[in-house]
Amino acid sequence: MLDPKFVRENMDAVKAALEKRAAGIDLSVFRALEDQRLVLLRESEDLRNKRNVVSTEIGRLKREKQDADGLMKEMKGVADRIGEIDEILKGIEDKTRLFMLNVPNIPNAAVPVGKDETCNLEVRKWGTPRAFDFEPLNHWDIAEPLGIIDFETGAKIAGARFTLMKGAGARFERALMNFMLDLNTSKGYTEVFPPLLVNRESMTGTGQLPKFEMDLFRVMDPELYLIPTAEVPVTNIHRGEILREDQLPICYTAYTPCFRREAGSYGKDVRGLIRQHQFNKVELVKFCRPEDSENELEKLTADAEDILQKLGLPYRVVLLCTGDMGFSSAMTYDIEVWLPGQQLYREISSCSNFGDFQARRADIRFKREGKKGTEFVHTLNGSALAIGRTLVAVLENYQMQDGSVIVPDVLQKYMGCDIVK
RNA sequence: GGAGAGGUGGCCGAGCCGGUCGAAGGCAGCCGCCUGCUAAGCGGUUAUAGGGGUAACACCUUAUCCAGGGUUCGAAUCCCUGCCUCUCCGCCA
């Protein structure tokens, strides 16, 4: 959420920034609501002040056994008027909040302006795609003959976009998870394992709600949501807290399954592991001071890249343009891994700096040493990495002509073997 | 699921027969004084958010004693609902 006060006082700048995102937000609605709100707020506060003063006086009179009926009658009228104003005020505040919750974040100045992914900027490339002396296969054509991924049985158990991993396939998931967590924690990230179901407040805190309800799986009675990413529970660890400056930056890494409806993606990536309703992911989440977040995004992205480098998987890093960025993000790098079976780079990680956007929604603040008041922290997160897609990349990049798959060096101790056949 | 207890400021903890309570006291923290070996002693001070105000402070004001409703001229204090925590019993991975 943007700062209402900031928006009020910087209308033109905010308007220009939002136009870059083509968000179609009409700030004049906000302005009108704010104008009304401030007038009513002042009236309400003046009346409350009067009530407080007179009520104290009534108390004094009563103690001295004097008559206060007149004042009490008068105050009854004041109380009624306060009630009326507050009701109107509440309506306006609800409208303002709803409006603000649906306004996306302002993009960082470094973000290229553009309407869709064609305007994204390739920042760097790492690794050289392997030269095959045979036609490389898609991961599903590798995995099914090996018997390590069973799409049909997954569909039988739960439906389309669910998969059963078996044998080395299941072991791969566990190996990748452990490899990533070990590497991340060695860099100072604290490992956490959070709840996989969260309440409405948490989903609102990170920005999934209210706008993206259709992307989420929901459980009724009690009303809970399955997390679409560890970002949600992990960022909400500090919801409503005031942190000390010397605690920052706080860095977490978490493995969790992720659940997504994938509404509106009918017909996209219907085969294979790329787009599933349930997938495993290891996530990085940071809380830091505002002046550190740009640098922390670079470090976080580098930490995610390091995993691909250690796995020997070629990739490129793309800076998303204004039109392709997520709702809550101020700046996002996507890391795309090379998939020889499909001859393209495919998103495997998304690393974002949210500025104070999530912190404001989730009320996560910090106090500077020796300074009055509090400030919102900046939050960041990124996948390190999406495990299913990493497995896809390993299978496709390390496939052999005979249908076997070489296990990357760093995974061998986790897999307990050096080849899957 | 059944029966109780409770949620107060950074922490501990009073208040809870409604008014003088943003809230005693203690601890921790900060400033100053005294003493000057560690320690102790004395005085003062220390919440967050919104609105107004200022060049910036100061300052004024509103709200906040888990959350949301209600009663009342007035609620931390009374009533209702929800959430959470703890203890005991039952059940269970």
Side-chain angles (χ1 to χ4, degrees), chain A residues 1-10 30-101 193-205 209 219-225 233 236-248 250 257 356 358-377:
Chain A
M1 183 159 59
L2 303 179
D3 179 4
K5 199 166 166 182
F6 179 84
V7 174
R8 207 191 307 147
E9 290 165 3
N10 301 276
F30 169 78
R31 187 201 287 272
L33 286 169
E34 278 294 273
D35 287 348
Q36 281 182 63
R37 187 178 74 84
L38 291 179
V39 170
L40 290 170
L41 183 65
R42 218 161 306 164
E43 188 179 350
S44 170
E45 289 195 351
D46 286 347
L47 289 173
R48 280 165 193 272
N49 180 232
K50 183 171 183 186
R51 183 178 68 182
N52 288 345
V53 171
V54 175
S55 289
T56 306
E57 176 67 10
I58 291 172
R60 212 205 79 230
L61 290 174
K62 289 223 162 188
R63 242 173 295 122
E64 294 172 0
K65 307 275 190 239
Q66 294 188 45
D67 175 63
D69 290 355
L71 285 176
M72 281 168 62
K73 205 166 173 190
E74 188 189 342
M75 282 308 103
K76 175 69 179 158
V78 170
D80 289 346
R81 178 66 186 146
I82 291 173
E84 283 172 32
I85 294 176
D86 283 356
E87 202 163 316
I88 303 170
L89 211 46
K90 193 173 180 310
I92 292 174
E93 281 169 355
D94 287 349
K95 274 190 211 155
T96 304
R97 182 170 164 76
L98 193 63
F99 179 85
M100 290 306 282
L101 283 175
F193 186 75
L196 307 179
L197 289 160
V198 302
N199 56 31
R200 204 177 169 83
E201 291 71 46
S202 291
M203 282 295 182
T204 305
L209 290 178
V219 175
M220 306 298 284
D221 194 31
E223 183 185 325
L224 291 170
Y225 296 83
N236 277 284
I237 288 174
H238 296 296
R239 174 155 51 88
E241 293 185 4
I242 299 174
L243 304 164
R244 294 192 319 275
E245 185 179 12
D246 62 24
Q247 289 177 275
L248 303 175
I250 295 174
D356 65 5
Q358 290 182 329
R360 195 177 298 284
R361 286 176 162 241
D363 190 25
I364 308 170
R365 291 172 287 163
F366 78 104
K367 199 171 177 57
R368 284 191 199 271
E369 217 69 50
K371 270 208 169 181
K372 256 190 113 60
T374 59
E375 294 174 52
F376 289 105
V377 300

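Small disclaimer: the values here were computed from a predicted structure and weren't measured. These numbers come from the heavy atoms of this one structure, side chains and all, not from hydrogens, waters or symmetry mates. Note on naming: letters A, B, ... go to the chains in the order of the sequence lines (proteins, then strands), and numbering restarts at 1 for each one.
- In this structure, the CZ atom of Arg368(A) is 24 Å from the P atom of G29(B), given to the nearest Å.
- A distance of about 41 Å separates the P atoms of A23(B) and A3(B), rounded to the whole Å.
- Nucleotide U85(B): paired with A5(B) (Watson-Crick or G-U wobble, both distances less than 3.5 Å).
- Using N1 to N3 plus N6-O4 or O6-N4 for Watson-Crick, or N1-O2 and O6-N3 for G-U wobble, each under 3.5 Å, C91(B) pairs with nothing.
- Glu223(A) has its CD atom 16 Å from the P atom of G82(B), to the nearest Å.
- One can place CZ of Phe376(A) at 9 Å from C1' of A49(B), the figure rounded to the nearest angstrom.
- Between the C1' atom of U72(B) and the CG atom of Asp69(A) lies a distance of 14 Å, rounded to the nearest Å.
- Using a 4.0 Å heavy-atom cutoff across all strands shown, Met75(A) reaches sugar-phosphate atoms only and no base atom.
- One can place NZ of Lys62(A) at 12 Å from P of G18(B), the figure rounded to the nearest angstrom.
- With salt bridges taken as basic N to acidic carboxylate O contacts below 4.0 Å, one links Arg37(A) and Glu34(A).
- Under 3.5 Å, the side chains of Asn199(A) and Ser202(A) contain a donor-acceptor pair of N or O atoms.
- Put simply, NZ on Lys367(A) is 10 Å from P on G10(B), counting in whole angstrom units.
- If Ala79(A) and Ser44(A) are placed on RNA chain B by their nearest nucleotide, the residue sitting closer to the 5' end is Ser44(A).
- Sorted by residue number, the members of residues 48-61 of chain A with any non-hydrogen atom under 4.0 Å from RNA chain B read Arg48(A), Asn49(A), Arg51(A), Asn52(A), Ser55(A), Ile58(A), Gly59(A).
- Counting non-hydrogen atoms under 4.0 angstrom, Thr374(A) reaches the backbone sugars and phosphates but no base.
- Spacing of C1' atoms, U46(B) relative to C27(B), comes out at 14 Å, to the nearest Å.
- For Glu84(A) and Arg81(A), the salt-bridge test passes: some basic side-chain N is under 4.0 Å from an acidic carboxylate O.
- Base pairing of C37(B): no nucleotide in any strand meets the Watson-Crick or G-U wobble criterion (both distances under 3.5 Å).
- To the nearest whole angstrom, the two P atoms, one in C57(B) and one in G50(B), are 14 Å apart.
- Across all strands shown, nothing is found opposite U71(B) as a Watson-Crick or G-U wobble partner with both distances under 3.5 Å.
- A salt bridge is absent between Arg42(A) and Glu45(A); no separation between the charged side-chain nitrogens and carboxylate oxygens falls under 4.0 Å.
- Taking the charged nitrogens against the carboxylate oxygens, Asp3(A) and Lys5(A) have no contact shorter than 4.0 Å, which rules out a salt bridge.
- Under the salt bridge (charged side-chain N to carboxylate O under 4.0 Å, His left out) criterion, Glu9(A) pairs with no residue at all, not counting sequence neighbours.
- A56(B) sits 15 Å from G51(B) when the P atoms are compared, rounded to a whole Å.
- Rounded to a whole angstrom, the distance from the P atom of U35(B) to that of G29(B) is 24 Å.
- Side-chain contact, Thr56(A) with Arg60(A): no donor N or O sits under 3.5 Å from an acceptor N or O.
- Comparing the C1' positions of A47(B) and G43(B) gives an interatomic distance of 23 Å, to the nearest angstrom.
- Remark: A47(B) base-pairs with U64(B). Criterion, Watson-Crick or G-U wobble with two distances under 3.5 Å.
- One can place CE of Met72(A) at 15 Å from P of G19(B), the figure rounded to the nearest angstrom.
- To the nearest 0.5 Å, atoms CG (Leu98(A)) and NZ (Lys95(A)) are separated by 10.5 Å.
- In this structure C27(B) sits in a base pair with G10(B), meeting the Watson-Crick or G-U test at under 3.5 Å.
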How far apart are the C-alpha atoms of Lys50(A) and Glu74(A), what are their side-chain angles, what is the distance that settles it, and do they pass the side chain to side chain contact (heavy atoms under 4.5 Å, CB included) test?
CA-CA 11 Å; Lys50(A) 183 171 183 186; Glu74(A) 188 189 342; 3.5 Å; yes

Sugar-phosphate or base contact per nucleotide [nucleotides 50-57 of chain B; S, B, -; heavy atom under 4.0 Å]
BSS-----

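- In this structure, Glu93(A) places its CD atom 11 Å from C1' of A63(B), rounding to the nearest Å.
- When the C1' atom is compared between G2(B) and U71(B), the two are found 33 Å apart, to the nearest whole Å.
- Note on Asp35(A) versus Arg31(A): no salt bridge recorded, every NZ/NE/NH1/NH2 to OD/OE distance being 4.0 Å or above.
- For the pair Lys76(A) and Asp80(A), the salt-bridge criterion is met [side-chain N within less than 4.0 Å of a carboxylate O].
- Comparing C65(B) with C12(B), their C1' atoms sit 16 Å apart, to the nearest whole Å.
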